[in-house]
Peer 1: 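Got a structure for you, questions after.
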Amino acid sequence: MSELSHVDREGRARMVDVSAKSDTTRIAVAAGELRTTAEVVALVRADDMPKADVLSTARIAGIAGAKKTSELIPLCHQLALSSVKVEFGFTEDTITIEASAKTKGPTGVEMEALTAVAVAGLTLHDMVKAVDPAATLNGVRLLTKEGGKHGHWERPAEQAPVDLPTLADEPEPTEDISPEQISESDQRSAVVLVASTRAACGTRVDTTGPVLAEWLGGLGFSVRGPLIYADAEIDIGLADALRFEPSLVISTGGTGASPTDATPEATLAVLDRELPGVAEAIRQRGTAKFPLAALSRGVAGLAGRSVVVNLPGSHGGVKDGMAVLEPLLDHLLAQVAGGGNHDNK
């Protein structure tokens with residue numbers, strides 16, 4: 001069995017000497033959830049809690065917590081964090097929390113990511129306790145880490161709970177199930193990704209991502225994000241968005257002709273097949289009202305079984321994208337799942 005790194009040979013707590021380790025880029029991602037009531041989830045999503053700006057406050061608290069990790073946990077090293085991101089998602093009775101921390105140095109950032117999740121979750125609890133004092137913070141855990149001697153680590157798949165229904169409880173399968181009858185969990189997962197350097201560094205508040213997340217939630221999707229990445233790191237953002245193989249990824253921003261606009265190039269690098277008609281339909285709808293919409297270089301396509309669509313970073317561009325995508329999504333996702341081709345002959 002491996003020795004505990006923070007205990008010396010006499011069994012005393014110690015701070016590990018990392019001076020001999022090489023500096024590498026290190027990234028850690030952690031997650032947790034606040035289980036509450038459907039009423040609270042609806043109020044938070046609508047920004048209608050008695051204490052306003054719930055998610056913004058929790059996000060800032062999580063980032064601040066990550067930066068204070070070495071002060072909160074005695075044996076942690078002080079790290080020069082290059083990035084901390086805290087994002088939220090929703091289920092019917094849960095607010096999910098995901099935090100990523102990044103540094104370049106001789107030791108990892110797992111504790112910083114975990115602390116960000118814990119502090120953001122406790123802040124959420126403080127913000128909602130007036131409505132639901134019984135809310136619980138659960139499942140604070142490390143998901144992945146990169147860098148250092150051991151390279152990539154990913155949390156093993158968790159065992160199914162023992163009280164899950166047995167096969168005997170399941171309905172008998174039929175041979176006539178269509179792609180439209182595939183379960184919501186198989187078809188209805190989405191990630192919203194925002195490319196914005198200013199939003200990523202906190203100098204502006206992105207408003208397009210929440211609009212997309214609310215729209216997708218209304219269509220029955222389980223939504224992760226908005227995930228916000230600087231333009232120069234949008235390739236990392238796409239890798240993050242695709243990590244759990246969602247059925248749909250919609251990005252906003254970074255599609256123009258500016259030297260920093262890199263979303264189309266990063267997207268093309270992960271696509272297996274393009275859907276040029278989708279991207280062109282979005283461009284045409286925008287151009288009909290605003291000629292400069294023709295400058296958008298957004299693309300669309302398939303990365304494995306995930307549909308990826310780039311939208312401009314403007315409210316008008318997002319509205320145009322939603323209008324084009326809404327009548328297409330059901331049939332498109334059914335096709336990607338292996339069916340949905342209708343013979344019109």
Peer 1: If only atom types and distance count, is the side chain of Thr252 paired as donor or acceptor with the main-chain N or O of Leu311 below 3.5 Å?
Peer 2: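 Between the backbone of Leu311 and the side chain of Thr252 there is no qualifying donor-acceptor contact (under 3.5 Å).
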
Peer 1: Can you give each donor-acceptor pair under 3.5 Å made by side-chain atoms of residues 268-277, sequence neighbours left out, with the distance rounded to 0.1 Å?
Peer 2:
residue : atom : partner : partner atom : Å
Asp272  : OD2  : Gly304  : N            : 2.5

Peer 1: Applying salt bridge (Lys or Arg N to Asp or Glu O under 4.0 Å), name anything that partners Glu280, two or more places apart in sequence or on another chain.
Peer 2: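 Expected list: Arg283.
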
Peer 1: Would you say the side-chain atoms of Asn310 and Thr267 include a donor-acceptor pair closer than 3.5 Å?
Peer 2: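 Yes, Thr267 and Asn310 have a side-chain donor paired with an acceptor closer than 3.5 Å.
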
Peer 1: Do Leu227 and Val191 make a side-chain contact, defined as non-hydrogen atoms from C-beta onward lying under 4.5 Å apart?
Peer 2: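 Of all side-chain heavy-atom pairs linking Val191 with Leu227, at least one is under 4.5 Å.
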
Peer 1: With sequence neighbours excluded, tell me which residues meet side-chain contact (heavy atoms from CB on, under 4.5 Å) with Leu328.
Peer 2: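 Once residues adjacent in sequence are excluded, the partners of Leu328 under the side-chain contact (heavy atoms from CB on, under 4.5 Å) criterion are Val278, Val324.
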
Peer 1: How long is the span from the CD1 atom in Ile228 to the CZ atom in Arg198, to the nearest 0.5 Å?
Peer 2: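 These two atoms lie 12.5 Å from each other.
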
Peer 1: List the atom pairs, donor and acceptor, that lie under 3.5 Å between side-chain atoms in residues 315-323 and the rest of the protein, sequence neighbours left out.
Peer 2:
residue : atom : partner : partner atom : Å
His315  : NE2  : Thr207  : OG1          : 2.7
Asp320  : OD1  : Lys289  : NZ           : 2.6

Peer 1: What is the distance from atom CD of Glu146 to atom OG1 of Thr144, rounded to the nearest 0.5 Å?
Peer 2: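 Those atoms lie 6.0 Å apart.
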
Peer 1: Run the salt-bridge test on Asp126 and Lys129 with the 4.0 Å N-O cut-off and return the result as yes or no.
Peer 2: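 Salt bridge flag = yes for Lys129 with Asp126.
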
Peer 1: Return the set of residues passing side-chain hydrogen bond (donor to acceptor under 3.5 Å, both in side chains) with Thr203 (not counting sequence neighbours), or none when no residue passes.
Peer 2: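 None.
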
Peer 1: Taking Leu124 as the starting point, is it possible to reach Leu114 by hopping between hydrophobic residues whose side chains are less than 4.5 Å apart?
Peer 2: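 They do share one cluster, since a chain of ILVMFWY contacts under 4.5 Å joins Leu114 to Leu124.
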
Peer 1: Considering residues at least two apart in sequence or located in another chain, which fulfil the salt bridge (Lys or Arg N to Asp or Glu O under 4.0 Å) criterion with Asp93?
Peer 2: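 Salt bridge (Lys or Arg N to Asp or Glu O under 4.0 Å) list for Asp93, sorted by chain: Arg35.
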
Peer 1: With the side chain counted from C-beta on, respond yes when Leu325 and Val309 share a heavy-atom pair under 4.5 Å apart, and no when they do not.
Peer 2: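 Counting from C-beta outward, Leu325 and Val309 do come under 4.5 Å.
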
Peer 1: Honestly curious: do Val308 and Val299 fall in one hydrophobic cluster under the side-chain, below-4.5 Å linking rule?
Peer 2: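 Same cluster: Val308 reaches Val299 through Ile, Leu, Val, Met, Phe, Trp or Tyr contacts under 4.5 Å.
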
Peer 1: What pairs of residues pass the salt bridge (Lys or Arg N to Asp or Glu O under 4.0 Å) test when at least one of them lies in residues 213-229, not counting sequence neighbours?
Peer 2: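 Sorted pair list: Glu98-Arg224, Arg224-Asp240.
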
Peer 1: Quick one: which of Thr25, Leu79, Leu81 gives a side-chain contact (heavy atoms from CB on, under 4.5 Å) with Lys102?
Peer 2: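 Checked Thr25, Leu79, Leu81 against Lys102; only one passes side-chain contact (heavy atoms from CB on, under 4.5 Å): Thr25.
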
Peer 1: Applying salt bridge (Lys or Arg N to Asp or Glu O under 4.0 Å), which residue pairs with at least one partner in residues 104-120 are found, sequence neighbours left out?
Peer 2: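 Those involving residues 104-120 are Glu110-Lys145.
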
Peer 1: Would you find a donor on one side and an acceptor on the other, under 3.5 Å apart, between the side chain of His125 and the backbone of Leu137?
Peer 2: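 No.
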
Peer 1: Under 4.5 Å between any side-chain heavy atoms of Thr37 and Val40, yes or no?
Peer 2: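 A side-chain contact under 4.5 Å exists here.
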
Peer 1: Could you give the distance from CD1 (Ile234) to OG (Ser251), rounded to the nearest 0.5 Å?
Peer 2: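 So the CD1 of Ile234 and the OG of Ser251 are separated by 6.0 Å.
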
Peer 1: Applying side-chain contact (heavy atoms from CB on, under 4.5 Å), can you list everything that pairs with Asp231, at least two apart in sequence or on another chain?
Peer 2: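 Listed in chain order: Ala195, Thr197, Thr260, Asp261.
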
Peer 1: Could you check if a side-chain atom of Arg141 sits within less than 4.5 angstrom of a side-chain atom of Val117, using non-hydrogen atoms only?
Peer 2: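 With C-beta onward as the side chain, the pair stays apart.
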
Peer 1: Are Leu142 and Ile27 in one and the same hydrophobic cluster, where Ile, Leu, Val, Met, Phe, Trp and Tyr link if side-chain heavy atoms are under 4.5 Å apart?
Peer 2: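 No: no chain of side-chain contacts under 4.5 Å links Leu142 to Ile27.
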
Peer 1: Is any side-chain heavy atom of Phe88 less than 4.5 Å from a side-chain heavy atom of Ile97?
Peer 2: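 A side-chain contact exists here, since the closest heavy-atom pair is under 4.5 Å.
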
Peer 1: Are Leu55 and Val205 grouped together when hydrophobic residues (ILVMFWY) are joined by side-chain heavy atoms under 4.5 angstrom apart?
Peer 2: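 Unlinked, Leu55 and Val205 end up in two clusters.
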
Peer 1: Of all the heavy-atom pairs spanning Pro246 and Ser189, show the shortest one and how long it is.
Peer 2: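 Minimum heavy-atom separation between Pro246 and Ser189: CA-OG, 3.3 Å.
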
Peer 1: To the nearest 0.5 Å, what is the distance between CD1 on Ile250 and CH2 on Trp215?
Peer 2: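 These two atoms lie 4.5 Å from each other.
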
Peer 1: Measure across Ala300 and Ala279 and return the closest heavy-atom pair with its distance rounded to 0.1 Å.
Peer 2: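 Heavy atoms only, the tightest pair is N-CB, 4.0 Å.
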
Peer 1: Are Ser196 and Arg204 close enough that a side-chain donor and a side-chain acceptor fall under 3.5 Å?
Peer 2: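 There is such a pair between these side chains.
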
Peer 1: Any non-hydrogen side-chain atom of Leu238 less than 4.5 Å from a side-chain atom of Leu193?
Peer 2: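 In contact.
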
Peer 1: Show the numbers, then the answer: is there a side-chain contact (heavy atoms from CB on, under 4.5 Å) between Leu219 and Leu329?
Peer 2: CA-CA 10 Å; Leu219 294 179; Leu329 282 177; 4.1 Å; yes

Peer 1: Mind checking whether Val44 and Ile95 have side chains closer than 4.5 Å, heavy atoms only?
Peer 2: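 Answer yes - side chains close enough.
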
Peer 1: Closest heavy-atom contact between Ala80 and Thr103?
Peer 2: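 Heavy-atom minimum between the residues: O-OG1, 2.7 Å.
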
Peer 1: With no hydrogens and no angle check, do the side chains of Asp132 and Thr36 hold a donor and an acceptor under 3.5 Å apart?
Peer 2: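 Side chains of Asp132 and Thr36: pair found under 3.5 Å.
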
Peer 1: For the CG atom of Leu212 and the CZ atom of Phe221, what is their distance to the nearest 0.5 Å?
Peer 2: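 Going from the CG atom of Leu212 to the CZ atom of Phe221 covers 11.5 Å.
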
Peer 1: Which donor-acceptor pairs under 3.5 Å do side chains of residues 58-74 form with protein atoms, sequence neighbours excluded?
Peer 2:
residue : atom : partner : partner atom : Å
Arg59   : NE   : Val86   : O            : 2.8
Thr69   : OG1  : Gly65   : O            : 3.3
Thr69   : OG1  : Ala66   : O            : 2.8

Peer 1: At their closest point, which heavy atom of Gly313 faces which heavy atom of Thr208, and how far apart are they?
Peer 2: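 Heavy atoms of Gly313 and Thr208 come nearest at O-CG2, 3.7 Å.
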
Peer 1: Report whether Ile282 and Val307 are members of the same hydrophobic cluster (ILVMFWY, side-chain heavy atoms less than 4.5 Å apart, transitive linking).
Peer 2: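 Looking at the clustering, Val307 is in the same group as Ile282.
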
Peer 1: So, for Ser306 and Leu242, which heavy atoms are closest and what is the spacing to 0.1 Å?
Peer 2: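 Scanning both residues, the minimum pair turns out to be CB-CD2, 3.7 Å.
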
Peer 1: Report yes if the side chains of Arg243 and Leu143 come closer than 4.5 Å at any heavy-atom pair, otherwise no.
Peer 2: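 The answer is yes; the side chains approach within 4.5 Å.
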
Peer 1: Taking all non-hydrogen atoms of both residues into account, name the closest pair between Val194 and Gly209 and its distance.
Peer 2: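 That would be CG2-CA, 3.9 Å.
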
Peer 1: Would you compute the distance between atom OG of Ser222 and atom CG of Leu248 and round it to the nearest 0.5 angstrom?
Peer 2: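 Spacing of OG (Ser222) from CG (Leu248) equals 12.0 Å.
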
Peer 1: What residues, two or more places apart in sequence or in another chain, satisfy side-chain contact (heavy atoms from CB on, under 4.5 Å) together with Ala118?
Peer 2: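 side-chain contact (heavy atoms from CB on, under 4.5 Å) check on Ala118 returns nothing, list empty.
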
Peer 1: Which residues pass the side-chain hydrogen bond (donor to acceptor under 3.5 Å, both in side chains) test with Ser83, sequence neighbours left out?
Peer 2: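 For Ser83 the side-chain hydrogen bond (donor to acceptor under 3.5 Å, both in side chains) partners, ignoring immediate neighbours, are Lys85.
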
